[in-house]
Protein chains: 4
Amino acid sequence: MKESKKAQKRRKILECAEEVMRRDGLNKFSMDAIVKEADIAKGTLYLYFKSKEDLLAQVTVKAREDLLRRFKEETGNKAEHLDKVRAILWTSYHFYKEKELYNDLVAYYEVNRNLEDTDALQEVGERIQLFVLSILDNAKQAGHVKKDTNTATLSLMMWGMSNGILNLIDTKDTLLQKFTGKTKQTFYHSFIELVIDSIRS
Amino acid sequence: MKESKKAQKRRKILECAEEVMRRDGLNKFSMDAIVKEADIAKGTLYLYFKSKEDLLAQVTVKAREDLLRRFKEETGNKAEHLDKVRAILWTSYHFYKEKELYNDLVAYYEVNRNLEDTDALQEVGERIQLFVLSILDNAKQAGHVKKDTNTATLSLMMWGMSNGILNLIDTKDTLLQKFTGKTKQTFYHSFIELVIDSIRS
Amino acid sequence: MKESKKAQKRRKILECAEEVMRRDGLNKFSMDAIVKEADIAKGTLYLYFKSKEDLLAQVTVKAREDLLRRFKEETGNKAEHLDKVRAILWTSYHFYKEKELYNDLVAYYEVNRNLEDTDALQEVGERIQLFVLSILDNAKQAGHVKKDTNTATLSLMMWGMSNGILNLIDTKDTLLQKFTGKTKQTFYHSFIELVIDSIRS
Amino acid sequence: MKESKKAQKRRKILECAEEVMRRDGLNKFSMDAIVKEADIAKGTLYLYFKSKEDLLAQVTVKAREDLLRRFKEETGNKAEHLDKVRAILWTSYHFYKEKELYNDLVAYYEVNRNLEDTDALQEVGERIQLFVLSILDNAKQAGHVKKDTNTATLSLMMWGMSNGILNLIDTKDTLLQKFTGKTKQTFYHSFIELVIDSIRS
DNA sequence: TATGAATGAGCGTTCATTCAT
DNA sequence: CATGAATGAACGCTCATTCAT
């Protein structure tokens with residue numbers, strides 16, 4: 001399986017790239033650092049990824065795929081429909097706590113508007129949306145969510161809002177303490193309940 | 001009026017810097033580009049701003065001050081308490097549409113964790129929070145907002161959520177169309193009503 | 001006395017320049033630092049000194065004049081001819097310990113060959129040589145120095161050698177300790193006695 | 001022989017660097033000039049030397065190694081012990097005449113106190129001292145040098161004095177002519193005999 | 001005479017990308 | 001497939017000097 005060997009190496013490089021990005025920051029990391037971390041030659045890196053931007057996009061795709069997998073795991077555990085919704089939001093929180101890189105990637109793409117989502121990037125984004133949408137639709141059908149809720153809109157809105165809250169939590173810790181006296185987790189809990197309140201029937 | 005002449009030039013440079021940042025992106029813009037845009041010599045730029053980071057911080061301060069001014073103007077026009085809250089959120093929206101740079105700046109400082117907010121930067125951030133808080137407190141006192149609402153938490157949460165939504169609107173337009181069929185404005189309207197619903201008594 | 005007022009300011013700037021050169025080093029100091037130290041405007045500095053190089057030359061002239069003055073004081077105290085010669089060499093040592101800048105200046109001019117001695121610089125150099133020469137000639141005439149000593153040659157040689165030794169003392173302290181176990185002062189003493197031994201009759 | 005090819009290029013760059021330093025001066029030379037002289041790209045220079053300071057240190061090491069090699073050659077030719085000592089001093093003279101850069105390098109590291117000698121730099125300096133010391137010790141053991149001579153002290157002193165004299169010769173030619181009428185070589189000869197006189201038994 | 005804002009060539013260094021082997 | 005030496009444009013920043021006021 002030559003095929004699998006190549007894929008394996010690709011995965012290894014991707015993991016090293018994640019590590020380097022986490023360590024050095026999305027604005028500072030260099031291709032050199034990745035090459036060193038992965039213990040490969042400069043040219044080899046360009047054999048697998050055609051540019052720095054491409055590598056960044058593929059790391060992002062992987063991160064989003066990981067997130068989707070976690071969504072599925074965590075919602076699978078829950079019986080109640082609204083708990084599944086809560087699980088989605090808490091997973092975003094925990095995912096960010098474990099691998100803050102993910103949220104950096106989101107923000108990075110937002111700041112660098114001219115980096116347009118690649119096809120693969122869009123595709124996994126859509127898969128995430130579709131999954132969240134299915135959770136919401138089921139909850140609605142089961143009557144646990146207001147009849148007049150536009151689930152598609154809500155699905156996207158949850159994504160936007162939770163990213164915004166996570167960024168705030170991540171960078172405005174002092175302000176958070178000073179104004180609310182709450183921990184990050186308590187603050188995020190308040191956010192989740194605000195969302196749930198506004199949709200529950 | 002020597003004073004005013006220097007201040008005038010400073011303002012001019014700041015405006016050129018804004019333009020360049022908008023055009024080239026916060027991660028890509030160069031001091032050279034600003035120098036060229038402002039039609040001044042390299043050294044002159046460093047006469048007014050001691051480093052690239054300093055310049056960035058001062059542009060951010062200016063943007064936040066502009067935002068606060070707009071908050072005051074727009075809430076001043078409204079009679080109803082909840083309309084004042086709506087005005088805050090709509091102002092963020094319009095402000096971003098006119099000067100999308102502002103939201104990038106917010107996110108930028110969030111992505112670059114080790115760029116610590118300067119004193120001036122923090123101070124204006126707090127002034128914004130305090131202003132929004134006063135609006136919410138008044139609304140609560142007047143009985144238009146639920147008794148059990150934690151206004152300080154809400155104030156911060158509104159900031160986080162609206163930034164997240166604005167980023168999403170800005171970068172995921174295709175997704176927005178595909179999933180909801182809504183315009184940016186309609187989508188943002190839904191967001192505002194979700195917030196209002198969850199706080200009104 | 002407008003004249004004296006100008007001369008006074010010139011002297012003040014010169015002293016500030018010395019201070020800055022001592023503090024920041026001959027290779028690192030900037031005209032800005034001098035302007036700040038002397039509390040004058042940039043343009044004013046250039047009113048008194050036509051360039052950085054000119055300023056450096058004039059500081060050097062002043063340093064050499066100070067050295068010559070000290071030579072005269074210290075040799076004046078001594079009765080014995082050979083003690084006067086010793087006094088010359090010890091004065092170089094103490095002068096360097098108090099104002100190491102002097103030796104830096106010497107070295108600086110040596111490293112920067114294309115900085116040619118200005119007329120004023122040469123002139124004070126010659127005055128120093130003539131003074132040392134007169135000390136040596138008197139000692140020779142008094143029979144305390146070998147008859148066949150070429151005093152002019154010796155005078156220059158003493159200058160060269162003591163500068164070399166002072167530089168070595170200044171920068172190779174570790175080597176000095178490791179190889180000889182001597183203090184700077186003891187080492188310099190050995191040097192002086194080597195010189196005296198080789199000329200005394 | 002990949003190894004040798006890299007070493008060869010390193011040597012070539014080192015030689016070009018020497019040439020540029022000689023031409024432009026140790027305080028003025030730029031990395032750009034070296035790149036141009038060696039006809040390589042800017043980045044290539046940094047592939048071989050990690051900074052300007054590193055390059056300077058390595059050029060100095062090379063110069064000192066060359067000097068030591070010459071010391072060994074020239075002393076090897078001589079039968080008499082004192083002629084070996086003379087050979088050391090004459091070698092310094094000739095070495096400086098051929099590659100005046102060497103003495104500048106010595107002085108440069110002395111002027112720039114905070115450029116600490118790297119390990120390699122110190123090590124070759126010590127090797128030189130040890131070699132000279134061995135010459136002096138042999139001469140002493142053979143009874144050609146005074147019994148009470150401290151050879152370690154003398155070894156260092158010879159280094160210091162000859163550097164001082166060479167600098168003087170190099171930069172005070174006019175003074176030398178005017179005061180002594182001697183050529184550089186004759187003057188240096190006088191210096192050597194002064195040293196020899198003061199140590200011979 | 002004194003000022004200090006303005007200049008701009010120049011610096012050391014980095015790094016994404018290429019290509020001959 | 002893999003290598004890693006080589007590239008060179010671009011970067012943020014400095015500073016001696018000038019000149020209009």
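Chain letters run A, B, ... following the sequence lines, proteins first, then strands; residues in each count from 1.
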Residues D/Ala57 and D/Leu121: closest non-hydrogen pair is O-CD1, 3.7 Å
Starting from C1' on F/dG4, measure out to CD1 on A/Ile34 and report it in whole angstrom. 17 Å
Closest approach of D/Met21 to D/Val59 (non-hydrogen atoms, all atoms of both residues): CE-CG2, 3.7 Å
Could you state the CG-P distance from A/Asp54 to E/dT18, rounded to the nearest angstrom? 13 Å
5'-most contact on DNA chain F: A/Leu45 or D/Leu45, nearest heavy atom basis? A/Leu45
For D/Lys28 and E/dC11, is the shortest distance between a side-chain N/O and OP1 or OP2 below 4.0 Å? no
What integer distance in Å separates A/Lys9:NZ from F/dT3:C1'? 10 Å
May I ask you to verify if any side-chain N or O of B/Thr44 is less than 4.0 angstrom from the OP1 or OP2 atom of E/dA5? no
The side chain of A/Ser51 is closest to which nucleotide in this list: F/dC11, E/dC11, E/dT17? E/dT17
Nearest-nucleotide 5' precedence on DNA chain E, B/Ile40 against D/Gly43: B/Ile40
Write down the distance between NZ (C/Lys12) and C1' (E/dA2), rounded to a whole number of angstrom. 12 Å
At less than 4.0 Å, is any side-chain N or O atom of B/Ser30 found next to OP1 or OP2 of F/dC11? Yes or no. yes
Minimum heavy-atom distance B/Glu37-B/Cys16, with the two atoms named: CG-CB, 3.7 Å
Is C/Phe49 touching bases, backbone alone, or none of the nucleic acid, heavy atoms closer than 4.0 Å? nothing
Nearest-angstrom distance from the residue atom CG of C/Asn27 to C1' of E/dC11: 15 Å
Looking at F/dT17, does its base get a donor-acceptor pair with the side chain of C/Lys42 below 3.5 Å? yes
Sort out the partner of E/dT13 for me: Watson-Crick or G-U wobble, both distances under 3.5 Å, none otherwise. F/dA10
In Watson-Crick or G-U wobble terms, with both distances under 3.5 Å, the base opposite F/dA20 is E/dT3
Could you state the atom-to-atom distance from CD of D/Glu53 to C1' of E/dC11 in whole Å? 16 Å
Distance, rounded to the nearest Å, where A/Asp24 contributes CG and E/dT14 contributes C1': 14 Å
Select base, sugar-phosphate, or nothing to describe what A/Lys50 touches, counting heavy atoms under 4.0 Å on all strands. nothing
N or O in side chain of C/Tyr48 less than 4.0 angstrom from E/dA2 OP1/OP2: yes
Charged N to carboxylate O below 4.0 Å: is that the case for A/Lys62 and A/Asp66? yes
Closer than 4.0 Å, any side-chain N/O of D/Lys6 to the OP1 or OP2 of F/dG4? no
Here the distance between atom P of E/dA6 and atom CZ of B/Arg10, to the nearest Å, is 14 Å
Would you say B/Tyr46 places a side-chain N or O within less than 4.0 Å of OP1 or OP2 belonging to F/dC15? no
Determine whether any donor atom in the side chain of A/Lys52 lies under 3.5 Å from an acceptor atom in the base of E/dT17, or the reverse, and answer yes or no. no
Heavy-atom closest pair, residues C/Lys12 and C/Ala38: NZ-O, 3.0 Å
Heavy-atom closest pair (B/Lys9 atom, B/Tyr48 atom, distance to 0.1 Å) is CD-OH, 3.4 Å
Nearest-nucleotide wise, let me know which of A/Asp32 and C/Leu47 is further upstream toward the 5' end of DNA chain E. C/Leu47
